[in-house]
Amino acid sequence: MIKLQDVNKFFGENHVLKDINLTVAEGEKLVIIGPSGSGKSTTVRCMNFLEAPTSGHVFIDGEELTQKNKIQLVRRTSAMVFQSFNLYPHKTVLENLTLAPIKLQKVPKDEAIKRARKYLATVGLSEKENAYPSTLSGGQQQRVAIARALATEKKIILFDEPTSALDPETVQEVLDVMIKLSKENITMVVVTHEMGFARVVADRVIFMDDGRIVEEGKPEHFFENPTEERTKLFLSKILR
Amino acid sequence: MFGEGFLRTIEVAALALILALVLGIIFGVISTSNNKVMRGIARVYVEFFQNTPLVIQVFFMYNGLAIAGLRLSVFLIGVLGVGIYHGAYVSEVVKTGITSIPEGQVEAAKSQGFTYIQYMRYIILPQTVKIVLPPLTNQAVNLIKNTSVLAMISGFDLMYMADSWASSSLDYGPSYVFAGFLYFMLCFPLATWARKYEERLKRNDTTRIPYQPAEEAVTC
């Protein structure tokens, strides 16, 4: 479904991704962990060309993602959930969900609204459809953002640290929604620091450090018995 | 006589304002684009018209273009001159508005597959309007006052009428005071509205404190 091939990324002199090779299968739940600055966010952002790789190739559904086709291909295949929610503040919750389907996917308005209500129910926020994002809590905003991603009915949803900006009390409500989603046949790539979530949901975990993939494996292997020293060190810090 | 000039001033100001807004939005958007050439064009427009006096620009249109064989009506020169001049200022206001929108908005739009034009239209510019309305209104006030340059090319606007009334009746004082009063009547409501609107915006922003969960009762 997603394939990164020899991807390198530079920000100026800074070499942030070093020969990343990575394949994500259809329906797979991939969790990427690692210290900050390890390149994990940049990796998911290459998957929808919010960052264009300096060299290497990105394939979505067998088709190469390029500067030329990125808008069309991303529009068809993937949605993203951000750390800072990035809801459209001038639109109501319902309008946040229907904007892209109506304007980009040419879904008829009634149909788009029906769909939006369905996914608002999925994230448990049906009663907020006429609210503006600024009146919602962080956790609620992020659940709306997830519903917005769902409403476009893409095969892939990319999560870039979806709970990092939340108050501790509201982290779980967002994770619960994501756990619910993981039962569906959606390809999920999740950058997160939530190890409990990774354990429950991930089909595979990738540990990145200094722009490289250091280790990957099933969550059991990963958390019980990591092979690399750097992984052990990182986990020992984060798992207390 | 003053009524005629007053009307002319309003006509010129209204049309010039429309022109300034159209130019300002186009060049404001261009000046935030990724394209260097486009940004350069916007820069030249803004710098050229902001850094030369409006009077000279209007004289050029009146005399310079006439020498080149292009004879425009005084009315048209008023609209074009004042409109293009203020378009440069509006462009800067629009640009500031756009750059004040968090980058995350553009990223969210791109991640959904919006093109540049589409996300400007549906996501960025609608959010910009609220921010730029007060400074734009101040521009409108300046624009109205600046239409008085038309007097220098016999534009039959309010200022010209005041001039000719003053020189024919020799009532210099009352004539200009009255003209000033009429300009004030046009500008003061606008400026007041802009100030109130801005105050309301600020108030709303402070009442919109980030959500804080209610304290739960401690039961241990």
Side-chain angles (χ1 to χ4, degrees), chain A residues 44-45 47-51 67 69-91 95-97 99-105 131-141 145 148-149 151-152 154 156-160 165-170 173, chain B residues 25 29 32-36 38 94 97-134 136 197 200-220:
Chain A
V44 283
R45 288 162 63 88
M47 294 177 181
N48 63 2
F49 255 51
L50 279 185
E51 304 292 352
Q67 282 300 348
N69 72 5
K70 65 176 180 184
I71 291 169
Q72 294 303 327
L73 191 53
V74 166
R75 187 181 288 178
R76 255 193 358 252
T77 52
S78 77
M80 189 173 228
V81 175
F82 298 85
Q83 179 175 350
S84 48
F85 330 132
N86 299 348
L87 294 175
Y88 306 132
H90 59 304
K91 303 260 179 211
E95 289 164 348
N96 264 277
L97 268 66
L99 185 66
I102 292 173
K103 299 294 178 199
L104 303 180
Q105 299 170 314
Y132 281 89
S134 59
T135 64
L136 304 179
S137 73
Q140 289 171 332
Q141 288 192 48
R148 177 173 71 178
T152 55
K154 312 275 184 72
I156 303 168
I157 303 183
L158 308 170
F159 294 84
D160 188 4
L166 297 176
D167 294 332
E169 304 93 50
T170 56
E173 66 184 57
Chain B
I25 290 171
V29 168
T32 61
S33 81
N34 285 327
N35 188 319
K36 264 189 193 154
M38 299 290 257
V94 171
I98 291 173
T99 49
S100 73
I101 305 294
E103 183 60 24
Q105 291 293 311
V106 172
E107 291 191 345
K110 281 184 180 167
S111 79
Q112 292 200 300
F114 283 94
T115 63
Y116 177 77
I117 303 274
Q118 285 172 325
Y119 68 70
M120 276 296 162
R121 157 98 175 69
Y122 296 117
I123 294 158
I124 306 302
L125 286 178
Q127 294 183 56
T128 309
V129 170
K130 218 171 81 173
I131 304 169
V132 301
L133 222 41
L136 275 189
Y197 179 88
R200 207 174 60 224
L201 265 191
K202 278 191 187 134
R203 217 173 28 242
N204 287 350
D205 277 352
T206 48
T207 50
R208 208 188 285 157
I209 309 163
Y211 169 88
Q212 300 193 318
E215 297 274 315
E216 277 170 40
V218 183
T219 53
C220 55

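Just so it is clear: chains get the letters A, B, ... in the order the sequence lines come, proteins before strands, and each one is counted from 1.
Only the side chain of A/F82 has a heavy atom closer than 4.5 Å to any heavy atom of chain B. Contacts between A/I71 and chain B at a heavy-atom distance below 4.5 Å involve backbone atoms as well as side-chain atoms. Neither the backbone nor the side chain of A/K70 comes within contact range of chain B, judged by heavy atoms closer than 4.5 Å. Neither the backbone nor the side chain of A/S84 comes within less than 4.5 Å of any heavy atom of chain B.
To the nearest 0.5 Å, atom CD of residue B/Q127 and atom OH of residue A/Y88 are 9.5 Å apart. Atom CD of B/Q112 is separated from atom CD of A/Q105 by 8.5 Å, given to the nearest 0.5 angstrom.
Nearest heavy atom pair, residue A/R75 against residue B/Q118, reads NH2-OE1, 3.1 Å. Considering every non-hydrogen atom in both B/A108 and A/R148, the closest pair reads CB-NH2, 3.7 Å.
The number of heavy atoms from other shown groups lying within 6.0 Å of CG (B/N34) does not exceed 12.
In this structure, A/H90 and B/V129 have side chains that are not in contact, with every pair of non-hydrogen atoms separated by 4.5 Å or more. No side-chain heavy atom of B/P126 sits less than 4.5 Å from a side-chain heavy atom of A/K91. Side-chain contact between B/E107 and A/R45: present, with at least one pair of heavy atoms (C-beta onward) separated by less than 4.5 Å.
With sequence neighbours excluded, the residues forming a ring pair (Phe, Tyr, Trp, His ring centres under 6.0 Å) with B/Y119 are B/Y116, listed by chain and number. By the side chain to side chain contact (heavy atoms under 4.5 Å, CB included) test, A/L73 pairs with A/I60, A/E63, A/L65, A/N69, A/R76, A/T77, sequence neighbours left out.
Tested against B/S111, the residues A/L158, A/D160, A/N48 include a single side-chain contact (heavy atoms from CB on, under 4.5 Å) partner, A/N48.
Between the side chain of A/N86 and the main chain of B/G104, a donor-acceptor pair closer than 3.5 Å is present.
Contact count versus chain B (heavy atoms, under 4.5 Å) is highest, among A/L87, A/V74, A/L50, A/T152, for A/L50.
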